[in-house]
Amino acid sequence: MVAFTAPKGVPDQVPPRSAAFLAVRDAMVDQLRLAGYGALELPVFEDTALFARGVGETTDVVSKEMFTFTDRGGRSVTLRPEGTVGAVRAVLEAGLERGALPVKLWYDGPMFRYEHPQSGRQRQFTQVGAEALGTDDPALDAELVALADAAYRALGLTETVLHLNSLGDPQDRADYSARLRAWLEERVGGLDEETDRRIRLNPLRVLDDKRPEVRERTAGAPLLSDALSPEARSHHDAVRSHLDDAGVAYVDDPRLVRGLDYYRRTTFEFIHPLLGAQSTIGAGGRYDGLSEAIGGPPLPGVGWALGVDRTLLALEAEQVAPPAAAGCQVFFVPLGARAKATSFRLVTQLRRLGTAADLAYGDRGMKGAMKAADRSGAAYAVVLGDRDLEAGTVPVKDLRSGEQSAVPLDTLVNHVRELLR
RNA sequence: GUGGGUGUAGCUCAGCUGGUAGAGCACCGGGUUGUGAUCCCGGUUGUCGCGGGUUCGAGCCCCGUCACUCACCCCA
């Protein structure tokens, strides 16, 4: 036991799992690069008011899950609970919306929400995010969905299910909310205080309640998908048709609701059935009003965030081996001080040339050093002691076959690089 | 914020009706004065989460507390 532990809900990533963590992140980013998305580096904390306006005051994320503190200058700042709002702020600040459109961007990094940790949910978690701003072309919605789908496929996930819905335009949503509120008050009202409050403030979210007794009562609720304006309807149809053409499978989920206020029209979630309660491994949608909500010009946008931690859990649940990290290629086993100095020099030389090399540290014995060579995963071991240095040739051992040959010391570096070719 | 479960070695865990701490794996060393993954032998690691109580005696019983974990709400 050590004196300090990581703060509650804040994970460490250590080997060997950390390699898989990075591989998941990279697989997502690779897809975005293929599609012309540019990199965005964003601050980890922002003005608290930015999130309040952008994400929405009444959302759970803003009302009870933010890491908010006052800095030394008396300003209220908040560790970002999500990436989209900050990304849009950065685009507006840099004036990118006045350049070539659409602006397509990706970013990654830690997000923070003050929640009770459980499987698949931490207070600090990592997302890869993508945003496409400046046009309301439904093909962009489909592109983003297809890219997330491709990332999951590239990683080897086969059981992910894509849920798709449209929340309509603001007017559709307002009309529908009023109708749903009346319906819910009659059937679900009086169940408990929290639910009553939700019926008043954001009735759509009641449909997302997982409690069986609530599920039962909301079974016949009117659906938003039946209340879409002709414009929202045709946008949604276009998205679906692009996905069909691209061979991306999805499930129409008319009850899919998102917890962040800025979404409208397209919304989607990638759900993994083997994960337990926190089963959404990636999600997103269109947010055409967000820019205006934070004081910017009208600027349509669509985006998603994929959870790196949860995607890794999904890989583990499917027992898919994550891409292996590149390991050591040549391992040096020095016997004695002179040999160690020579080994160190050769290892450094090899590394400069791009060959992964390592050596046995700690002046351990032959047996221990060979064991370390074996564990390093290297294809070759170079064993050298004083008598080899005097002879001018050193034994190079093929660790798979066990065969060994003597190589002149002055050509060792090239010889080893030749062997590894 | 609410509820359930669990805290013993680096890891996974055993520990009987209370009698003073164990296994497997891992790690280190030796068997082989210079050759790994097998085998054999040996060795290291513990405030039994923490604090208090009951008892001649507590890993075990009681109270409190903290942490971890799963679930609700909500979300990636």
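All figures in this text were calculated on a predicted structure; none of them were measured in a lab. Below, chain A is the first sequence line, B the second, and so on; all start at residue 1.
- When the side-chain nitrogen and oxygen atoms of A/R375 are compared with OP1 and OP2 of B/A26, none of them lie within a distance under 4.0 Å.
- The ring-ring contact (aromatic ring centres under 6.0 Å, His included) pairs that include a residue from residues 142-177 of chain A are A/Y152-A/F270, where partners are two or more places apart or lie in different chains.
- Taking atom CG of A/D60 as the reference point, atom P of B/C72 lies 14 Å away to the nearest angstrom.
- Residue order along RNA chain B, read from the 5' end via each residue's closest nucleotide, puts A/P117 first among A/P117 and A/R113.
- Remark: A/R387 does not engage A/E390 in a salt bridge, criterion side-chain N to carboxylate O under 4.0 Å.
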Dot-bracket encoding per residue of RNA chain B, Watson-Crick/G-U cut-off under 3.5 Å, | denoting interstrand: (((((((..((((.....[..)))).(((((.......))))).....(((((..]....))))))))))))....
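- At the heavy-atom level, A/K371 lies under 4.0 Å from the strands shown only through sugar-phosphate atoms.
- Judged by atom type and distance alone, A/E115 reaches the base of B/A76 through a side-chain donor-acceptor pair under 3.5 Å.
- Salt bridge status for A/R264 with A/D288: absent, with no side-chain N to carboxylate O gap under 4.0 Å.
- Closest approach to the A/A277 side chain among B/A71, B/C28, B/A76 is made by B/A71 (side chain taken as heavy atoms from C-beta onward).
- Across the protein-nucleic acid pair, A/I271 atom CD1 and B/C74 atom C1' stand 14 Å apart, rounded to whole Å.
- Place A/K8 and A/Q127 on RNA chain B by their nearest nucleotides, and A/K8 ends up nearer the 5' end.
- Counting distance only, with no hydrogens placed and no angle test, the side-chain atoms of A/K367 and the base atoms of B/U35 include no donor-acceptor pair under 3.5 Å.
- Using a cutoff of 4.0 Å between basic side-chain nitrogens and carboxylate oxygens, A/R200 and A/E185 are not scored as salt-bridged.
- Judged purely by distance below 3.5 Å, without hydrogens or angles, the side chains of A/E131 and A/Y107 pair a donor atom with an acceptor atom.
- Here CD of A/E316 is found 14.5 Å from CZ of A/R310. Values are rounded to the nearest 0.5 Å.
- Using a 3.5 Å distance cut-off with no hydrogens or angles, the side chains of A/T218 and A/R255 do pair a donor with an acceptor.
- Non-hydrogen atoms lying under 4.0 Å from RNA chain B are contributed by A/G402, A/Q404, all within residues 402-421 of chain A.
- Counting only N and O atoms by type, the side chains of A/E82 and A/Y262 include a donor and acceptor under 3.5 Å apart.
- Donor-acceptor pairing under 3.5 Å is lacking for the side chains of A/S166 and A/T266.
- Distances shown here put every side-chain N or O of A/T280 at or beyond 4.0 Å from the OP1 or OP2 atom of B/A76.
- Between the A/D309 side chain and the A/T126 main chain, a donor and an acceptor come within less than 3.5 Å of each other.
- Between the CG atom of A/D358 and the P atom of B/G36 there is a distance of 19 Å, given to the nearest Å.
- Rounded to an integer number of Å, the gap from A/M370 CE to B/U38 P is 14 Å.
- Residue contacts for A/I281: at a heavy-atom cut-off of 4.0 Å it reaches the sugar-phosphate backbone alone, with no base atom in range.
- To the nearest angstrom, C1' of B/G34 lies 11 Å from NZ of A/K397.
- Within residues 381-390 of chain A, the residues having any heavy atom closer than 4.0 Å to RNA chain B are, in order of number, A/V383, A/R387, A/D388.
- Looking at heavy-atom distances under 4.0 Å, A/A283 makes contact with sugar-phosphate atoms alone, never a base.
- At a cut-off of 3.5 angstrom, the base of B/C74 holds at least one donor-acceptor pair with the side chain of A/R121.
- Residues from residues 37-46 of chain A that place a heavy atom under 4.0 Å from any atom of RNA chain B: there are none.
- Both the sub-6.0 Å distance and the 45° axial angle are satisfied by A/R123 relative to the ring of A/Y114.
- Pairs engaging residues 155-167 of chain A under the salt bridge (Lys or Arg N to Asp or Glu O under 4.0 Å) rule: none recorded [sequence neighbours left out].
- Of the side-chain N and O atoms in A/Q278, none sit less than 4.0 angstrom from OP1 or OP2 of B/A76.
- Put simply, the side chain of A/T59 gets close to the backbone of A/V62: a donor and an acceptor are under 3.5 Å apart.
- In summary, A/R89 and A/E93 engage in a salt bridge, as defined by a charged side-chain N under 4.0 Å from a carboxylate O.
- As rounded to whole Å, 14 Å separates atom C1' of B/G36 from atom CG of A/L335.
- When distances run from any side-chain atom of A/Q118 to the nucleotides B/U2, B/A76, B/C73, the shortest one goes to B/C73.
- For the 3.5 Å distance criterion, the side chains of A/E318 and A/H272 qualify, holding a donor opposite an acceptor.
- If you check every strand for non-hydrogen atoms under 4.0 Å, A/R198 touches sugar and phosphate atoms only.
- Comparing atom distances between the A/S119 side chain and each of B/A71, B/G36, B/C73 picks out B/A71 as nearest.
- As judged by a 4.0 angstrom heavy-atom cut-off over every strand, A/P395 is placed among the base-contacting residues.
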